[in-house]
S.K.: 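I have a structure I would like to understand better, so I am pasting it below and will then ask my questions one at a time.
Note that the structure is a prediction, hence the values are computed from the model and not measured. Convention: sequence-line order gives letters A, B, ...; per-chain numbering from 1. Computed from heavy atoms alone, side chains included, the values below leave out hydrogens, waters and symmetry copies.
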There are 2 protein chains.
Amino acid sequence: MQAAIDILDEEGDAGLTFRALAARLATGSGAIYWHVADKDELLAAATDQVIVRFEPQDVERLSPQEAIRALSQGVFDAIDSHPWAGAQLSGNPFQYAVLRILEGLGTQVVALGVPERGRFNAATALLSFMLGLAAQYAVASRHFRDASDRATALRAVAAKWVELDPEQHPFIHHVAPLLPEHDDREQFMAGIDLILAGIDTSR
Amino acid sequence: MQAAIDILDEEGDAGLTFRALAARLATGSGAIYWHVADKDELLAAATDQVIVRFEPQDVERLSPQEAIRALSQGVFDAIDSHPWAGAQLSGNPFQYAVLRILEGLGTQVVALGVPERGRFNAATALLSFMLGLAAQYAVASRHFRDASDRATALRAVAAKWVELDPEQHPFIHHVAPLLPEHDDREQFMAGIDLILAGIDTSR
DNA sequence: ACCTGAACACCGTTCAAGT
DNA sequence: ACCTGAACACCGTTCAAGT
């Protein structure tokens, strides 16, 4: 598993092949199938490991809101440092890592005092938002290797957005300059806070 | 494009290969490359078409909240009837279809009276949530062909969740029975409403 | 019980050659 | 300007054969 994670971190999604993993482990490619059913299972297991590593400690001491924020930051950091995990999470919402996240969120939603029938929707809304961001990160990592590549790409997208007809795309045109300088983490947490505020009014 | 969409609808993501598309068009596989740069562009174009078809008419007559709900339902319906588009949307957040959705959302966020510095975050929060759901739908469509397959699979997941240790996974254990009977569309709109409520408090 | 590595059945993409 | 289709460089997966 660690060898797989190393390859994913170094080469990204496309770099992890059974042949590459076998070569790194100095074994035959077929050998991996003794330990893992297929590539999906391999990626799911790698993602689970990475997510668990970023789970916050002793959330019990925090208020429900603070706990949800801590959980969210953990997921963000996990995806931020292992973008391939973002692709896997959003591409496979029934894997164990997602279940763990949902469990953490759900427990805090209950603690928040959300009435029974609203709990499932509140917890899954937070989860869907996270997976949405996970997807965005995943694609970013596929397209450019490092942070400066990313900045350049965002500037390029922003330049394209500015050139759009302001009549037909007023919002995009107006918001384009924010794109290259915005802080992903801040944007992510702002979204979480928005949903938390919404949950608060629904009680 | 229509031939590609037909294949995607009939066979799903995996069914669309250059060879299959060429066969359906009674041409050589290389010919497609004259019209399209690569597979990504093919999928992006197909997704754009499908999203545009589900864009609501005359949103101007609606209140901002109602307009956002109408836009959201359009995206939901598009993904619901063409799940492969969900995978493409969440896997490629800078494609034109996403830009169109963001433009629609942003315009309404402005109309809602959200102050300047909160607009980008509010609109992208709605977008990320939608893409998160898109990802969930996408995986669902990859794993089972029709609605009854899906229902069976959800029952299987729910059964697994119920069996989890209630000590370690109290929320999942408790919420499992809701899984097979919940309405995706309702859950999706509940999430949108939660974010709308949050946006409302942030003004 | 676990590993080997050739073989199978595919892919996306390219490109010389055609019309 | 557009099409053909063989060829290239890969994949994930299987499986008889080994240790």
Side-chain angles (χ1 to χ4, degrees), chain A residues 1-49 82-92 94-95 138-145, chain B residues 1-49 82-92 94-95 138-145:
Chain A
M1 284 318 312
Q2 190 54 50
I5 292 174
D6 289 344
I7 292 177
L8 286 163
D9 283 342
E10 289 163 25
E11 325 254 8
D13 250 45
L16 183 66
T17 67
F18 280 83
R19 284 168 180 82
L21 183 55
R24 187 173 286 234
L25 295 171
T27 181
S29 61
I32 299 162
Y33 282 91
W34 183 261
H35 304 278
V36 117
D38 54 24
K39 196 172 182 182
D40 238 45
E41 195 174 303
L42 184 65
L43 276 164
T47 302
D48 284 342
Q49 289 216 8
H82 306 286
W84 50 267
Q88 182 57 22
L89 282 177
S90 65
N92 202 343
F94 287 123
Q95 74 173 91
V139 69
S141 79
R142 261 199 294 275
H143 285 323
F144 19 85
R145 196 87 282 133
Chain B
M1 285 320 309
Q2 190 54 51
I5 292 174
D6 288 344
I7 292 177
L8 286 162
D9 283 342
E10 289 164 25
E11 326 254 6
D13 251 44
L16 183 65
T17 68
F18 280 83
R19 285 167 180 82
L21 182 55
R24 187 173 288 232
L25 295 171
T27 181
S29 60
I32 300 163
Y33 282 90
W34 184 262
H35 304 278
V36 118
D38 52 25
K39 195 173 181 180
D40 239 46
E41 196 175 302
L42 185 64
L43 276 164
T47 303
D48 284 341
Q49 289 217 7
H82 306 285
W84 49 267
Q88 181 58 22
L89 283 178
S90 64
N92 202 344
F94 287 123
Q95 74 174 92
V139 67
S141 79
R142 260 199 295 276
H143 285 323
F144 19 86
R145 196 87 284 132

S.K.: If you measure from the C1' atom in D:dA17 to the same atom in C:dC2, how many Å do you get, rounded?
M.R.: 13 Å
S.K.: Out of D:dG12, D:dC2, C:dT14, which nucleotide sits closest to the side chain of B:Trp34?
M.R.: D:dC2
S.K.: Nearest-Å distance, NZ (B:Lys39) to C1' (C:dT14)?
M.R.: 17 Å
S.K.: Is the side chain of B:Asp38 donor-acceptor paired with the backbone N or O of B:Glu41 at a distance under 3.5 Å, no angle test?
M.R.: yes
S.K.: Contact class for A:Leu42 (heavy atom, under 4.0 Å): base, sugar-phosphate, or nothing?
M.R.: nothing
S.K.: Would you mind telling me which residue lines up with the more 5' stretch of DNA chain D, A:Gly15 or A:Ala31, judged by nearest nucleotide?
M.R.: A:Gly15
S.K.: If you pin A:Gly30 and A:Ala14 to their nearest nucleotides in DNA chain D, which one's is more 5'?
M.R.: A:Ala14
S.K.: When both hydrogen-bonding distances must be under 3.5 Å and the geometry is Watson-Crick or G-U wobble, what is C:dT13 paired with, if anything?
M.R.: D:dA7
S.K.: Between A:Arg19 and A:Ala26, name the one whose nearest nucleotide on DNA chain C is closer to the 5' end.
M.R.: A:Ala26
S.K.: Answer yes or no: does a side-chain N or O of B:His35 lie under 4.0 Å from OP1 or OP2 of D:dC3?
M.R.: yes
S.K.: Can you tell me how far C1' of C:dC3 sits from CZ of A:Phe18, to the nearest Å?
M.R.: 15 Å
S.K.: Report which part of the nucleic acid B:Leu16 touches: base, sugar-phosphate, or nothing (heavy-atom distance under 4.0 Å, all strands).
M.R.: sugar-phosphate
